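Given the structure is predicted, the values throughout are model-derived calculations rather than measurements. Reminder, nothing fancy here: chain letters follow the sequence lines and each chain counts from 1. Only this structure's heavy atoms are used, side chains among them; waters, hydrogens and symmetry mates stay out.
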Amino acid sequence: MLEKPTHFIRSKIADQIKQGQLSAPVTRFPPEPNGYLHIGHAKSICLNFGLAEEFSGRCHLRFDDTNPAKESQEYIDAIEADVRWLGFQWDALHHASDYFETLYQWAVYLIEQGDAYVDEQSADAIRATRGTLTEPGVDSPYRDRPVAESLACFSRMRAGELPEGAAVLRAKISMASPNLNLRDPVLYRIKHVSHPRAGEAWCIYPTYDFAHGQSDAIEGITHSLCTLEFEDHRPLYEWFLKKLPVPSKPKQTEFSRLELEGTVTSKRKLNALVTEGYVRGWDDPRMPTIAGLRRRGYSPEGIRLFCERIGVTRKPNTIEYQILEGAVRDDLEGRARKGMAVLDPIRVLVENWQEAPLALDIPWHPKHPEYGSRTAYFGRELWIDRSDFEEDPPEGFFRLSPGGSVRLKYGFIVDHVDTLRVDGKIDTLVVRYDPDTRSGQDHSGRKVKGTIHWVEAETAKPVDIRWYGPLFTVPDPARAEALATVINPDSLVMRTAWVEPGLAHIDPEAYWQFERVGFFKQDPDSTADAVVYNLTVGLKDQWAKKQN
RNA sequence: UGGGGUGUGGCCAAGUGGUUAAGGCAGCGGGUUUUGAUCCCGCCAUCCGUAGGUUCGAAUCCUACCACCCCAGCCA
């Protein structure tokens, strides 16, 4: 077993424990329920829950539900399901909205201390006076209004007496700060919107900045991990912890977010893919959402392996998609049941087989006898894949060709006799099987170069295959001006395959490998009459690579 | 342009003054193999954004420069 690779956050915690500054870390995964979780969130989930697990600490799931205009119960439910599916169990479930009353009292406290004021300027006016990157902002005319006046106005805000946009609560820090986040940031705004959890209780809602650090403090979070874009918010995060009578002092640490080649990981863009109909939903197997990856057939263990492999740093990075696929293949290799399916069939007639189909008992996995076995059949009429026969075989081709021989895996060696055509197109391959070469009891001493997969035609069942390719045609779709221009029109190809009987029944949980093809997972659209398989990821194929 | 960050092989990533500059993925070569899969073995940076400097000795310290990312929501 390989030791887990270390990274700066892991070493920091280990060090703090060794120094006696920390007994166990308390972390949190703080999603906003305004969309589905994606692979980038998986990195954060693995980090937060993983660290807590590793150092015998605790990890909370906390919904950052401070903007009811964008949030919904649908997302809350989906997020909980995704975290659980990834294999993590939170030690506590919280919502920023649980702290609305405390946060309100703290806002009042800030006003009383002269550290916040109600600003009745319009949003436009506030924006216009914020200054620019190089020029300082201008103080609001309300900045120095009496405390009592702010207090009175703030309570009118809470009471619902003011329309949206009429006033906001602002921290009184400095309009000249080079850090824009410190130029009297907005702490509360009016939103006459009902909240998925708090209902109609509030019509003013705290901003991220005013809610996040304090929520961390209330929960006793020791390590508040977030992505790099929040780095400029850290001074503000710390300002509140210093000004307010909070019960603990969490520390924010930033790491770089995950960028995955060939995908977009912004909720806005993912949402656009859904609403504009480029995919069937948040859980479409082409989506980099947790729900999409799950439906596609990626295992939680594979995703966790991926997150471990990519590491955690502060360096901007774009991970090659094949690293994700590699991790998933590595996990699925030992997990999947292996069966035979023919996706692009060509008929094979075994002219010297006269008997009824022969039942073969084949283990589901050569290295895992505990997975059991199934029955497949060999007979007079078979299907093999069109790509396994070449009339004019290139150098190094060792599948079936005119006059050649090949082993039908788990069956017999067959020798090509004839090629029959219909309208010029190859229709049937006539072969003879060698009775001395039955798999497992081969006394012939014959050696053939190739082994191919096949299914017996009489017992085979049809299934639907959803063959997926990249959703985009470019490696960096996030930079495209419009997603529409980089959508891959062939990201989903529907087809039918012949499978051995053991692959034709519904089994929503199982992971499958179609030998020599790829890993597959049954889609929830499957019915008893029509099983649907999603391509998870293809097998590595050196031969195909050599051909290009 | 003000502030905050980051620069180690194709992609990740260890490394924090003395190492032949870990490891993973990809790639290449070979072995095993009834999946051209898996598995196994070997190869793959005289060099750490660039240029100077300090030092017996630097990817690690100093200086300058360059490149890229983030910030001007009453989003998170």
Quiz item: When you measure from the side chain of A:Arg309, which nucleotide among B:G73, B:U35, B:G24 comes out closest?
Solution: B:G24
Practice problem: Name the closest nucleotide to the A:Arg189 side chain, picking from B:G36, B:A76, B:C69. | Solution: B:A76
Quiz item: Excluding sequence neighbours, so at least two apart, what forms side-chain hydrogen bond (donor to acceptor under 3.5 Å, both in side chains) with A:Arg314?
Solution: A:Glu231, A:Glu254
Quiz item: A:Glu229: what forms a side-chain hydrogen bond (donor to acceptor under 3.5 Å, both in side chains) with it, not counting sequence neighbours?
Solution: A:Thr227, A:Arg257
Practice problem: Under the salt bridge (charged side-chain N to carboxylate O under 4.0 Å, His left out) rule, collect the residues that match up with A:Lys172, sequence neighbours excluded. | Solution: A:Asp144
Exercise. Kindly say if A:Thr313 contacts the phosphate of B:A13, meaning a side-chain N or O under 4.0 Å from OP1 or OP2.
Key: yes
Quiz item: On a whole-Å scale, what distance lies between the C1' atoms belonging to B:C48 and B:C70?
Solution: 25 Å
Self-check item: Proximal nucleotide (of B:C12, B:A26, B:A76) relative to the A:Thr66 side chain
Solution: B:A76
Exercise. Report the residues that fulfil ring pair (Phe, Tyr, Trp, His ring centres under 6.0 Å) with A:His233, sequence neighbours left out, ordered by chain and then residue number.
Key: A:Phe230
Quiz item: Listed by chain and number, what are the salt bridge (charged side-chain N to carboxylate O under 4.0 Å, His left out) partners of A:Asp139, not counting sequence neighbours?
Solution: A:Arg143
Quiz prompt | Of A:Arg438 and A:Ser11, the one whose closest RNA chain B nucleotide lies more 5' | solution = A:Ser11
Practice problem: Among B:G36, B:G24, B:C74, find the nucleotide with the atom closest to the side chain of A:Ile323. | Solution: B:G24
Exercise. Please measure how far the P atom in B:C25 lies from the corresponding atom in B:C71, and state the result in whole Å.
Key: 34 Å
Practice problem: Could you tell me which residues satisfy salt bridge (charged side-chain N to carboxylate O under 4.0 Å, His left out) with A:Arg145, sequence neighbours excluded, listed by chain and number? | Solution: A:Glu120, A:Glu149
Self-check item: Interatomic distance where CZ belongs to A:Phe8 and C1' belongs to B:U16 [whole Å]
Solution: 15 Å
Quiz item: Between atom CE in A:Met340 and atom C1' in B:A37, what is the gap in whole Å?
Solution: 15 Å
Self-check item: Rounded distance in Å between the C1' positions of B:G29 and B:A51
Solution: 40 Å
Exercise. Figure out the CZ/C1' separation between A:Phe519 and B:U35, and round it to whole Å.
Key: 10 Å
Practice problem: Just call it for A:Gly396: base, sugar-phosphate, or nothing, with non-hydrogen atoms closer than 4.0 Å on any strand. | Solution: base
Self-check item: Interatomic distance, A:His233 NE2 vs B:G73 P [rounded to whole Å]
Solution: 11 Å
Quiz item: Which of the following nucleotides, B:A37, B:A76, B:C75, is nearest to the side chain of A:Leu539?
Solution: B:A37
Exercise. Give a yes/no verdict on a cation-pi contact between A:Arg407 and A:Phe412, requiring under 6.0 Å between NZ or CZ and the six-membered ring centre and an angle within 45° of the axis.
Key: no
Self-check item: Charged tip of A:Lys521 within 45° of A:Tyr511 ring normal and under 6.0 Å
Solution: yes
Quiz item: Does A:Arg257 place a side-chain N or O at less than 4.0 Å from the phosphate oxygens OP1/OP2 of B:C70?
Solution: no
Quiz item: To the side chain of A:Lys409, which of B:G73, B:C74, B:U35 is closest?
Solution: B:U35
Practice problem: Could you check whether A:Phe230 gets within reach of a base, just the sugar-phosphate, or nothing at all, counting any heavy atom under 4.0 Å? | Solution: base
Practice problem: Say whether, by atom type as modelled, one donor and one acceptor occur between the side chain of A:Asp98 and the main chain of A:His95 under 3.5 angstrom. | Solution: yes
Quiz item: When rounded to the nearest 0.5 angstrom, what is the spacing between CD1 in A:Ile79 and CZ in A:Phe63?
Solution: 5.0 Å
Quiz prompt | Salt-bridge contact A:Asp388-A:Arg516 (side-chain N to carboxylate O under 4.0 Å) | solution = yes
Quiz item: Say you pick atom C1' in B:G15 and the same atom in B:U60; how far apart are they, in whole Å?
Solution: 8 Å
Quiz prompt | B:U54 and B:C62, which share atom name C1', separated by this distance in whole Å | solution = 7 Å
Quiz item: Excluding sequence neighbours, so at least two apart, what forms ring pair (Phe, Tyr, Trp, His ring centres under 6.0 Å) with A:Tyr117?
Solution: none
Quiz item: Is there any ring-ring contact (aromatic ring centres under 6.0 Å, His included) pair reaching into residues 314-335 of chain A, and which pairs are they, with sequence neighbours excluded?
Solution: none
Exercise. Please work out if A:Gly440 contacts a base, only the sugar-phosphate, or nothing of the nucleic acid, heavy-atom cut-off 4.0 Å.
Key: base
Quiz item: Between atom NZ in A:Lys447 and atom P in B:G36, what is the gap in whole Å?
Solution: 15 Å
Practice problem: May I ask you to decide whether A:Arg335 forms a salt bridge with A:Asp331, counting only side-chain N to carboxylate O separations under 4.0 Å? | Solution: yes
Quiz prompt | B:G24 to B:C43 separation - P atoms, rounded to the nearest Å | solution = 12 Å
Quiz item: Nearest to the side chain of A:Arg516 - B:G10, B:A76, B:U35?
Solution: B:U35
Practice problem: Measure from the ring centre of A:Trp543 to the centre of the six-membered ring in the base of B:G36, then say whether that distance is under 5.5 Å and the planes meet at under 30°. | Solution: yes
Practice problem: Nearest whole angstrom, please: distance from the P of B:C74 to the CZ of A:Arg183. | Solution: 13 Å
Quiz item: Which stems does RNA chain B form, counting runs of 3 or more consecutive Watson-Crick or G-U wobble pairs with both distances under 3.5 Å?
Solution: B:2-7 with B:66-71, B:10-12 with B:23-25, B:27-31 with B:39-43, B:49-53 with B:61-65
Self-check item: Interatomic distance at P, B:G49 relative to B:U6, whole Å
Solution: 14 Å
Exercise. Provide, to the nearest angstrom, the distance between the CD1 atom belonging to A:Ile190 and the P atom belonging to B:G73.
Key: 19 Å
Quiz item: Using a cut-off of 4.0 Å on non-hydrogen atoms, how would the nucleic acid contact of A:Arg479 be classed: base, sugar-phosphate, or nothing?
Solution: sugar-phosphate
Practice problem: Verify the contact: side-chain N or O of A:Arg130 to OP1 or OP2 of B:G73, cut-off strictly under 4.0 Å; return yes or no. | Solution: yes
Quiz item: Pick one for B:G73: is it syn, with its angle within 90° of 0, or anti?
Solution: syn
Quiz item: Taking CG from A:Asp385 and P from B:A37, how many angstroms apart are they, rounded to a whole number?
Solution: 17 Å
Practice problem: Examine the base of B:U35 for any acceptor or donor lying under 3.5 Å from a partner atom in the side chain of A:Thr451, and report the outcome as yes or no. | Solution: no
Quiz item: A:Gly165 near the nucleic acid: base, sugar-phosphate alone, or nothing, with a heavy-atom cut-off under 4.0 Å?
Solution: base
Exercise. Establish, with yes or no, whether the OP1 or OP2 oxygen of B:G73 is under 4.0 angstrom from a side-chain nitrogen or oxygen of A:Arg127.
Key: yes
Self-check item: Counterpart residues, salt bridge (charged side-chain N to carboxylate O under 4.0 Å, His left out), relative to A:Arg156 (two or more places apart)
Solution: A:Glu161
Quiz item: Looking at B:C28, B:C74, B:C11, which one has an atom nearest to any side-chain atom of A:Val186?
Solution: B:C74
Polar-atom pairs under 3.5 Å, protein N or O versus N or O of nucleotides 38-41 of chain B: list them with distances, or write none.
residue : atom : partner  : partner atom : Å
B:U38   : OP1  : A:Lys540 : NZ           : 3.2
B:U38   : O2'  : A:Glu333 : OE2          : 3.4
B:U38   : O2   : A:Lys367 : NZ           : 2.8

Quiz prompt | Contact letters for nucleotides 1-6 of chain B, in which S counts primed atoms plus P, OP1 and OP2 and B counts the base, heavy atoms under 4.0 Å | solution = BBBSSS
Self-check item: Euclidean distance for P, B:G53 against B:G30 (whole angstrom)
Solution: 47 Å
